[in-house]
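First the structure, in the form of structure tokens, and then the observations on it.
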Amino acid sequence: MSSLLEYECPACGGILEFDTASNKLKCPYWGSIFEVQKIK
């Protein structure tokens with residue numbers, strides 16, 4: 001069984017969603033985009 005990782009937006013604390021088009025994490029509230037390596 002695998003575990004689900006959740007990352008929080010550094011700006012608002014919301015849960016980031018993975019955007020498959022850009023291969024990056026996106027905040028659904030602010031629209032900010034972050035690289036996965038920088039958020040880890």
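Given the structure is predicted, the values throughout are model-derived calculations rather than measurements.
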message: Please give me the minimum heavy-atom distance between Cys12 and Tyr29, naming the atom from each residue.
response: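 Closest heavy-atom pair between Cys12 and Tyr29: SG-CD1, 4.3 Å.
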- request: Considering non-hydrogen atoms only, spot the tightest contact between Ile15 and Pro28 and give its length.
  value: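 Where Ile15 meets Pro28 most closely, the heavy atoms are O-CD, 3.4 Å.
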query: What's the spacing between Phe34 CZ and Cys9 SG if we round to 0.5 Å?
result: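 Nearest 0.5 Å value for the CZ-SG distance: 4.0 Å.
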query: What is the distance from atom OG of Ser22 to atom CD of Glu35, rounded to the nearest 0.5 Å?
result: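 If I round to the nearest 0.5 Å, the distance is 9.5 Å.
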message: Checking Gln37 now: which residues fulfil side chain to side chain contact (heavy atoms under 4.5 Å, CB included) with it, not counting sequence neighbours?
response: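 So Gln37 forms a side chain to side chain contact (heavy atoms under 4.5 Å, CB included) with Lys40.
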query: Taking C-beta and beyond as the side chain, do Val36 and Lys24 meet within less than 4.5 Å on heavy atoms?
result: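 Side chain of Val36 against side chain of Lys24, heavy atoms only: no contact under 4.5 Å found.
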- request: Verify the cluster assignment for Phe18 and Ile39: are they in a single hydrophobic cluster under the rule of side-chain heavy atoms below 4.5 Å apart?
  value: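 Same hydrophobic cluster.
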